[in-house]
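Keep in mind the model is a prediction, meaning the values are calculated, not measured. Labels below follow one simple rule: chain letters A, B, ... track the order of the sequence lines, proteins then strands, and each chain is numbered from 1.
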Protein chains: 2
Amino acid sequence: MPHPPVSVSKRPSIAEYLAEAIFSGRYQPGDFVPKEVDLATQFSINRSAVRSDLRQLVDAGIIERISGHGSKVRAFESWNILDPQVTEWMTRYAAPNPDIQREILAFRLDVEPYVAMTAARRATARDLVAIEEAFDGMAREMQSQLGNKRLHSDYDIAFHVAIFKATRNIVWSQLSHILRPAISLLIESSNESATDPEASLERHRQLMEAIRARAPEDAFRAAQAVLAGTADALGIRPGDAILGSAWAPLPAQ
Amino acid sequence: MPHPPVSVSKRPSIAEYLAEAIFSGRYQPGDFVPKEVDLATQFSINRSAVRSDLRQLVDAGIIERISGHGSKVRAFESWNILDPQVTEWMTRYAAPNPDIQREILAFRLDVEPYVAMTAARRATARDLVAIEEAFDGMAREMQSQLGNKRLHSDYDIAFHVAIFKATRNIVWSQLSHILRPAISLLIESSNESATDPEASLERHRQLMEAIRARAPEDAFRAAQAVLAGTADALGIRPGDAILGSAWAPLPAQ
DNA sequence: TGCTAGCGAATGTTCAACATTTTCACAATC
DNA sequence: GATTGTGAAAATGTTGAACATTCGCTAGCA
């Protein structure tokens, strides 16, 4: 059997190039990216192709095209950070802006306990399978001595995404994208698993078991516990979270 | 002074046309939309312009382009319903799918009390101004006998969006888009304000006052009260909400 | 039945020209 | 001197035509 075409080498993606350049800070909000013709000549592709790619960045809210002037990087607040494409770029090219990362993490601290609670109420058998597979992946990747950080974080993400999906609500499910950059950031910057991997894994296990047992309040607290390490690893006190403190009245915290 | 150019008449937006056609159900998931050349000739614009517009639908997750075959409408689950552009289309062209509308409303019932609570903790003076202006608009539009339904719902949306923004968190702020279709749908289908406008307005007022007074728990309950009418107007029991029941242990419900 | 080659239709890419918008410099005017 | 008008320059927006590539389908063959 011949190799699958190994020399396909699709045309370079200007969107990808510019996304990397913008998210890594080489172009800041207010800056103008190179003009169409320059990009076209630099990458040896046609101007139409460049325009097609720029359209993608416009749809993501990242750049703004000013007729007759150029393409300007928009302010962070305008970026569609809920767009899966944008979160993927954030995940891939890391911290575009520490403030945004902090806000995303704060959001995550707010909602994930509630998501876990809901998942405990509604998860189907298939959802549990997905959660368990992700968990097993985390465990496996941690045990093997040459534990791949990258792979571990992938399973970590899959674990949390599976819980979001287990809410059986399309909005929550799609929101799960938002946590990918948050988790990746954590892994990059000396993650909490590094400090005490077994304890972290155990907290994840308890969360999974609470969902499987259909114990919403246990799931809520287990998720809080999972996130606690996450929070102070990035210097965010759980108290900064929006909803956390409201749960003080819960029994047996 | 001459009129500002009244005859500009920008080129027809194929994206807009197709969005209307898809969201109103004329093209269902799995269907193929007309091919590029047909659209180009039908609207008397160039094929490049058509392709640019199709790109927008692709970025929104609504269609999928199959090289050499056509552009297929994707399944609802794939639509980026968190994309502001998509929610705007949903708002404008109404119920693409009752199921999605229900899920969005369920989500709203889940999160809005918490958002209100947070807003009560963090709202700045400017946030309060925005909330109040929206509220005044609602009140004004209700009092005037020729109360414009459309305008009232616009102020209603602005009111709730302002509360989301008052969380001072970028993720929550951007999420506020999701409630626009939910509110609009409500208005279209014999809204609750129609049944008892004054009571509804009063509930909104109490929510606003709780936020102004920095009373998070009051804000939480006030938001629940505002949403209660909304929920049963569309036949969704508050119990269906993810987080609602969890608040039973709150004091003085 | 199952595999392969090839055809046709549609999308993807390229090229070149022209239209429109915006800014800026400079001159004309009050 | 300040304002206003004019035109050139530079960038994005649009057009049209041609060619490349991809994918589904079908006819033909073993």
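Between the C1' atom of dT12(D) and the CG atom of Asp38(A) lies a distance of 13 Å, rounded to the nearest Å. In this structure, Ile66(A) atom CD1 and dA10(D) atom P are separated by 18 Å, rounded to whole Å. Rounded to an integer number of Å, the gap from Lys72(A) NZ to dA11(D) P is 16 Å. The NZ-C1' distance, from Lys35(B) to dC23(D), rounds to 15 Å in whole Å. Atom-to-atom, CD1 of Ile14(A) to C1' of dT14(C) comes out at 14 Å; the value is rounded to the nearest Å. dG12(C) atom P lies 11 Å from atom CD of Glu64(B), rounded to whole Å. Atoms CG (Leu39(B)) and C1' (dA9(C)) sit 16 Å apart, rounded to a whole Å. Note: CD1 (Ile45(A)) to P (dC15(C)) measures 11 Å, nearest angstrom.
Comparing dC23(D), dG13(D), dC15(C) by their closest approach to the side chain of Asn46(A) singles out dC15(C). When each of dT15(D), dT13(C), dT14(D) is scored by its nearest atom to the side-chain atoms of Arg51(B), the top-ranked nucleotide is dT13(C). The Arg47(A) side chain lies nearest to dA17(C) when the options are dT15(D), dC23(D), dA17(C).
Taking the charged nitrogens against the carboxylate oxygens, Asp127(B) and Arg168(B) do have a contact shorter than 4.0 Å, which makes a salt bridge. Using a cut-off of 4.0 Å between Lys/Arg side-chain N and Asp/Glu carboxylate O, Arg65(B) and Glu36(B) are scored as salt-bridged. Salt bridge status for Arg92(B) with Glu16(B): present, with a side-chain N to carboxylate O gap under 4.0 Å.
If you find the closest nucleotide of DNA chain D to Ser48(A) and to His69(A), the one lying nearer the 5' end belongs to His69(A). In this structure, Val33(B) and Gly68(A) both approach DNA chain C, and ranking their closest nucleotides by distance from the 5' end singles out Val33(B).
Ring-plane geometry between His204(A) and His160(A) is classed as perpendicular, the angle between the planes exceeding 60 degrees on a 0 to 90 degree scale with a lower cut at 30.
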